[in-house]
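Data block below; observations after.
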Amino acid sequence: MPKEQERLDQVFQALADPTRRKVIERLVSGPAATSELAEPFDMALPSFTQHLAVLERAGLVTSAKQGRVRTYRLSRAGLEAADGWLAEQRRLWERRLDQFDHFVTTLKEQG
């Protein structure tokens with residue numbers, strides 16, 4: 001469980017940054033080279049590659065180097081970890097809301 005929690009923390013920390021979210025949004029349309037991903041951002045390439053490293057450590061992207069070009073693509077692992085956690089939270093809240101709805105309905109029927 002601690003490993004899963006650590007992984008989840010990394011995913012949400014990675015997604016907390018708008019630059020990294022934009023990279024994820026771009027990669028939805030397919031793999032891209034580092035230079036292509038960095039193009040829309042006004043920052044030095046070393047700073048930008050730090051964002052890519054955070055995404056890769058979180059399991060949100062994978063990379064492969066061919067010659068001098070490193071290409072990034074989305075990875076399901078990180079997204080599935082976040083999705084699983086969010087789905088569990090949704091289930092808990094839906095159950096609580098159902099219980100509250102039942103309570104209110106019962107009050108109305110008694111009143």
How many angstroms lie between atom [atom1] of [X] and atom [atom2] of [Y], to the nearest 0.5 angstrom?
X: Leu27; Y: Leu55; atom1: CG; atom2: CG; answer: 8.0 Å
X: Thr49; Y: Met43; atom1: OG1; atom2: CE; answer: 10.0 Å
X: Lys108; Y: Thr106; atom1: NZ; atom2: OG1; answer: 11.0 Å
X: Thr19; Y: Asp42; atom1: OG1; atom2: CG; answer: 10.5 Å
X: Glu25; Y: Lys22; atom1: CD; atom2: NZ; answer: 5.5 Å
X: Arg57; Y: Arg7; atom1: CZ; atom2: CZ; answer: 12.5 Å

- Query: Going through the distances and angles, do Arg73 and Val61 end up as a side chain to side chain contact (heavy atoms under 4.5 Å, CB included)?
  - Reply: CA-CA 5 Å; Arg73 67 189 53 208; Val61 300; over 6 Å; no
- Message: Taking the six-membered ring of Trp93 as reference, does the cationic atom of Arg90 (NZ for Lys, CZ for Arg) lie under 6.0 Å from its centre and within 45° of its axis?
- Response: no
- Query: Quick one: side-chain hydrogen bond (donor to acceptor under 3.5 Å, both in side chains) partners of Arg68, sequence neighbours excluded?
  - Reply: none
- Sidechain-backbone polar pair: Ser75 side chain, Thr62 backbone, donor-acceptor under 3.5 Å: no
Does [X], at its [atom1] atom, have more than 12 non-hydrogen atoms belonging to other residues, nucleotides or ligands within less than 6.0 Å?
X: Arg76; atom1: CZ; result: no
X: Gln66; atom1: CD; result: no
X: Glu80; atom1: CD; result: yes

Is it possible for you to say whether [X] and [Y] belong to one hydrophobic cluster, with membership spreading through side-chain heavy-atom contacts below 4.5 Å?
X: Tyr72; Y: Val69; value: no
X: Leu86; Y: Leu92; value: no
X: Leu79; Y: Phe12; value: no
X: Trp85; Y: Ile24; value: no

- Query: Yes or no on side chain to side chain contact (heavy atoms under 4.5 Å, CB included) for Leu52 and Glu56, after CA distance, side-chain angles and deciding distance?
  - Reply: CA-CA 6 Å; Leu52 294 173; Glu56 197 160 18; over 6 Å; no
- Message: Between Asp17 and His51, is the side chain to side chain contact (heavy atoms under 4.5 Å, CB included) condition met? List the steps.
- Response: CA-CA 9 Å; Asp17 184 89; His51 285 289; 3.4 Å; yes
- Message: Show every ring-ring contact (aromatic ring centres under 6.0 Å, His included) that has at least one partner inside residues 14-46, sequence neighbours left out.
- Response: Phe41-Phe48
Which heavy atom of [X] sits nearest to which heavy atom of [Y], and what is that distance?
X: Arg26; Y: Pro31; value: NH2-O, 3.6 Å
X: Val11; Y: Ala82; value: CG1-CB, 3.8 Å
X: Val54; Y: Ala14; value: CG1-CB, 3.8 Å

- Task: Check the pair Gln5 / Asp9 against side-chain hydrogen bond (donor to acceptor under 3.5 Å, both in side chains), numbers first and verdict last.
- Result: CA-CA 6 Å; Gln5 189 63 43; Asp9 290 347; 3.3 Å; yes
- Output yes when Arg91 and Glu94 qualify as a salt bridge under the 4.0 Å nitrogen-oxygen rule, no when they do not. no
- Message: Run the side chain to side chain contact (heavy atoms under 4.5 Å, CB included) test on Leu74 and Leu60 for me, step by step, so that the C-alpha distance in whole Å, both residues' side-chain angles and the decisive distance to 0.1 Å come before the verdict.
- Response: CA-CA 6 Å; Leu74 283 180; Leu60 293 165; 5.8 Å; no
- Is a side-chain donor-acceptor pair under 3.5 Å present for Arg70 with Ser63? yes
